[in-house]
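Working notes, structure below.
Note that the coordinates shown come from a computational prediction; the quantities given were computed from them, not determined experimentally.
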Amino acid sequence: MRPSGRHVPVRAPARRSAGDVLAGLGALVVLVALVGGVPYALLTLVGPPIAPELLDLEVLTSRVGPSTIVAVLVLLVWLAWFQLFLCVLVEVYAGVRRVGMPARVPLSGGMQVVANKLVSAVLLLFTAGAMVAPVAQLAPTPAAPPVTAVAYSAPIVEQELELETRKTKKVYVVQPPHGRHHESLWEIAEKCLGDGRRYPEIYRLNQAKEQPDGTRLRMADLIRPGWVLDMPDDARNAHVVPVDQPRDQTLREHPGRADPGTAQRGDRADRADREERQDRQEREERQERDSREAREAREERRTPGHEGKHRQTEPTVRDGRQPVMQERQGELTDYLAAASLAAAGLLFVLARRRREQLWRRLSGRRIARPRDDAAEAEVALRLGGDAPGARILDVGLRLLGAELAAQHRTPPTVYGAHLSPRTLDLWIHPPDDDPPAPWTAEDGGQIWRLPAHEGRLLPDVRGESGPGHAGGAPYPGLVSIGTDAGGRVLIDLEAAQGLINVRGPQTTAALAGIAVELATNRWSDRMRITLVGFGQELTAIAPERIRAVGGLAEVLPELEANAAPRREVLTGRISGGHSVAHYLLSAVAPTHQEARRLALLARRDTAGYVVAGEVPHATWTLEIGDDGRARIAELGFEVEAQLLPRRHYRALVDLFRTADRFDGEAIPEAEPLVGLHPPAVEIRVLGPLEIAGLRPLEEGRMELAAELLVYLATHPGGVHPAVLGGVLWPRGVQSTVRDATISRVAEWLGPDHLLTDEAGRLRLGPEVRTDWALFRELVRRSHGGPTAGAVLLEKALGLVRGPLLAGRPPGRYAWLAAEDLEYDVSAGVADAAHQLCEVRLAQGQPDAAVAAVRAGLLLAADDEGLWRDLLRATHATDDIVRLRAVIEGLTRRAASHPYGGGMAPETEALIEELLPTWRMHVVRESSA
């Protein structure tokens with residue numbers, strides 16, 4: 001979409017079309033008729049401009065007759081023609097002499113515009129580059145003052161036109177704070193545009209553009225002193241600067257306009273520093289597994305006839321300018337990472353499936369990992385998943401329901417919600433200015449607000465629901481429809497109390513996005529989702545929640561039989577009831593009779609009904625435009641739509657089907673190490689990331705440099721810089737920033753540690769090694785014999801300090817989802833601990849066996865086989881108190897595990913065998 005309020009040059013094509021010729025000939029005929037025909041007709045029919053009646057001075061004092069009135073009208077017609085004639089002369093002169101903007105004829109108004117169009121069309125017959133359209137077009141903005149478009153008739157070629165229309169722009173420098181007052185986009189819009197409601201224009205002009213301090217505008221409510229904001233062309237109180245002027249140069253040329261500490265040097269190294277600071281501060285530069293080029297190369301090798309195909313890895317340089325961003329590396333990221341709440345829910349459900357896979361993992365095999373689109377889908381989910389936001393919604397809504405239940409109040413109708421990094425807002429009806437703490441009322445009670453910092457401190461009330469308990473989910477039907485400048489916008493499907501109609505070319509993609517978020521969200525309890533006419537594959541994601549049918553006729557009788565009054569259901573939810581929330585999403589347009597039955601049902605039922613097609617009398621209509629915008633006119637919402645196209649949800653389905661496989665995969669053989677001598681540089685990943693042998697980097701650079709080293713260390717075959725850029729900056733980065741970062745890491749490593757092969761791929765030298773490589777070599781050598789092997793296994797397990805890359809920054813290392821590393825490390829460490837446990841038990845050393853298993857659990861805590869090894873090793877010590885402590889700890893862990901699911905049946909069976917009275921002790925402990 002073109003930014004509102006921004007002028008966009010419109011250029012004529014270089015060659016004249018047949019339509020241009022016809023239009024020019026027609027304009028020529030009209031001009032000849034107006035310039036020559038009109039005066040000829042006037043002279044022939046009515047005479048000269050000034051009639052004899054007007055030359056008689058007695059006309060001023062005598063009685064005016066009809067002849068005098070006619071003479072005055074004739075004079076006015078002549079004057080109008082003369083004004084048109086002057087406009088034509090001015091336009092022809094400007095066009096022939098190429099003077100740019102023609103002079104304005106006084107009081108000409110629309111007449112000069114008409115002359116402009118006619119002359120432009122005629123000149124197009126004789127020139128190749130004449131302007132045939134107004135130079136500026138203004139996108140409609142309701143709050144903006146009217147702007148008159150000025151048309152040029154001069155035959156300017158494209159290069160001259162670009163210099164004329166793009167040589168300057170208007171910018172505003174964000175001012176430093178005065179006391180506690182900081183400028184906002186609303187205030188800047190009021191100051192410069194005359195209306196604070198025009199702030200979205202400024203936001204769209206500057207969204208994601210790099211600022212002098214290296215950060216970027218991500219949220220409309222977060223701007224910083226010293227930022228240089230591009231402004232609409234009608235802005236006042238702004239600076240006029242050359243269109244290509246760097247932002248830091250603008251600050252230097254306007255001293256005192258902002259905090260001087262924000263101005264930076266303009267060389268390439270400083271741009272790289274600023275990019276790194278942005279990466280560290282905002283955590284939004286996520287990871288992807290491979291470049292699209294590598295994937296296409298693999299496809300080409302499988303597809304005959306495409307051997308010569310080659311894809312450009314860098315964007316084309318146009319107009320001599322340096323391209324700002326590299327090409328994006330993954331298509332799935334656009335939709336899946338953007339659906340941040342759905343991504344968080346999907347990752348939670350996926351982790352639960354993976355835990356069940358680990359229950360059945362066989363020794364010597366890793367769990368099955370996703371490939372191709374499924375792996376790319378998980379990378380996208382890790383990039384975008386907003387687990388903190390999902391928790392605030394879950395805990396905040398449950399606590400709200402619990403407090404209302406304690407006050408014997410019925411929950412208000414929540415028709416929408418807005419989740420931003422700062423707040424969770426509920427739009428309620430009717431207004432109520434008395435929400436339970438820590439919620440506060442805004443806008444006269446129309447909004448209930450929970451600050452994010454308060455939400456993060458709320459206790460988890462999940463699990464307390466049930467008869468006589470609070471903590472139920474009061475609004476399970478809240479679901480995202482998209483994002484605006486400040487955050488995510490959600491609607492409550494139940495609040496419509498009628499049909500919700502979805503229209504547009506991407507209806508099914510919108511319904512799939514709604515279905516996936518509903519099926520995996522954490523702010524609901526028991527739920528049933530019926531998909532009509534689509535989504536049969538989505539049942540693989542949440543079979544207990546999703547079902548798919550072919551038509552509405554299959555489900556309407558059941559829905560009508562199970563309809564439940566809205567007020568009773570809401571009250572039951574917050575009181576700990578176990579009602580099942582139900583939502584129907586239909587991609588099939590209903591018949592007239594079906595629409596009537598659905599409308600009657602929706603008015604008396606608490607369920608939500610979202611139906612495609614032209615549905616009359618719908619309560620809300622969700623319009624999905626070709627531009628990807630979603631609009632609900634009844635609520636005043638307009639957002640970037642949350643969509644899940646078919647390829648994307650198929651990738652999700654493949655991802656979850658892989659997580660349902662229990663056959664596992666063989667662990668690949670490791671390349672033998674030449675020796676076990678200490679390396680010059682060791683990258684330790686078996687626990688918190690540590691890099692030994694190098695001096696510490698300055699603050700802000702270490703995280704990116706360390707991730708670069710980890711990626712290179714786990715890809716010994718080499719990585720091309722373009723691939724590396726896509727991994728470390730999946731949302732794009734300047735090639736100069738990427739190259740400067742690589743150069744800095746090479747300098748940090750020292751000579752001979754970062755090498756480049758003939759194909760341009762980067763790889764680490766032989767004196768750089770990971771502790772994981774050493775671990776695998778020790779395990780490989782341990783197969784020589786039980787005694788020496790046990791010593792080597794102990795040395796290998798001694799390298800384990802915690803989970804893989806424990807404590808890594810949020811949003812980083814998302815590329816691990818598409819790599820073998822996570823799967824191999826977890827399985828390799830668990831197998832080594834199991835082998836050592838078996839050896840020590842066979843040698844009659846149960847304490848050493850316990851120590852081996854506990855070392856493995858530091859990294860592979862979810863591997864249920866290790867817990868069974870711990871139970872057997874502890875039982876072998878003949879210490880019943882110690883065994884009971886292990887069982888109680890395992891029971892508590894299973895009950896409070898973040899992914900739920902209890903413990904594996906095999907584990908429970910082993911506990912029954914080793915300590916038959918364990919359940920009695922567990923009950924006694926819980927009651928105490």
* **Closest non-hydrogen atom pair between Gly513 and Leu644, with its separation** => N-CB, 3.7 Å
* Is there a side-chain contact between Gln211 and Leu229 (heavy atoms, below 4.5 Å)? -> yes
* Can any side-chain N or O of Thr44 pair as donor or acceptor with the backbone N or O of Ala41 at less than 3.5 Å? -> no
* Nearest-0.5 Å distance that lies between atom NE2 in His418 and atom OG1 in Thr483 -> 9.0 Å
* When you look at Leu34 and Val88, which way does the side-chain contact (heavy atoms from CB on, under 4.5 Å) test go after all the steps? -> CA-CA 10 Å; Leu34 290 175; Val88 172; over 6 Å; no
* To do: With rounding to the nearest 0.5 Å, note down the distance linking CZ in Arg503 to CD in Glu623.
  => 5.5 Å
* **Parallel, tilted or perpendicular: ring planes of Trp81 versus Trp78, cut at 30 and 60 degrees** => perpendicular
* Asked: Minimum heavy-atom separation for Tyr335 to Leu643, with atom names?
  -> CD2-O, 3.4 Å
* Residue from Glu210, Gln207, Lys209 passing side-chain contact (heavy atoms from CB on, under 4.5 Å) with Arg216 -> Glu210
* Structure fact -> Taken to the nearest 0.5 Å, the spacing of Thr508 OG1 from Arg646 CZ works out to 9.0 Å
* Asked: Looking at OG1 of Thr168 and CD of Gln245, how far apart are the two atoms once the value is rounded to the nearest 0.5 Å?
  -> 11.0 Å
* Is the shortest heavy-atom distance from the side chain of Lys169 to the side chain of Val241 under 4.5 Å? -> yes
* Indicate yes or no for a side-chain donor-acceptor contact from Asp230 to the backbone of Asn206 under 3.5 Å, with no hydrogens or angles considered. => no
* To do: Would you give the length of the straight line joining atom CD1 of Ile481 to atom CD of Glu640, rounded to the nearest 0.5 angstrom?
  => 11.5 Å
* Asked: Quick one: does Glu634's side chain get under 4.5 Å of Thr619's, heavy atoms only?
  -> no
* **Reported CD1-to-CD1 distance for the pair Ile500 and Ile514, which is rounded to 0.5 angstrom** => 7.5 Å
* Asked: Is it true that a side-chain atom of Lys170 and a backbone atom of Ala235 form a donor plus acceptor pair closer than 3.5 Å?
  -> yes
* For Ile632, which of Val489, Leu622, Asn501, Thr621 qualifies under side-chain contact (heavy atoms from CB on, under 4.5 Å)? -> Leu622
* Would you name the heavy atoms of Ala630 and Ile624 that are closest together and state the gap between them? => CB-CD1, 3.8 Å
* Given side chains that start at C-beta, do those of Met231 and Ile202 come closer than 4.5 Å, heavy atoms only? -> yes
* What are the two closest non-hydrogen atoms of Arg198 and Leu193, and how far apart are they? -> NH1-O, 3.6 Å
* Asked: If every non-hydrogen atom of Pro590 is compared with every non-hydrogen atom of Ala612, which pair is closest and at what distance?
  -> CD-O, 3.6 Å
* Considering non-hydrogen atoms only, spot the tightest contact between Tyr172 and Lys191 and give its length. => OH-NZ, 2.7 Å
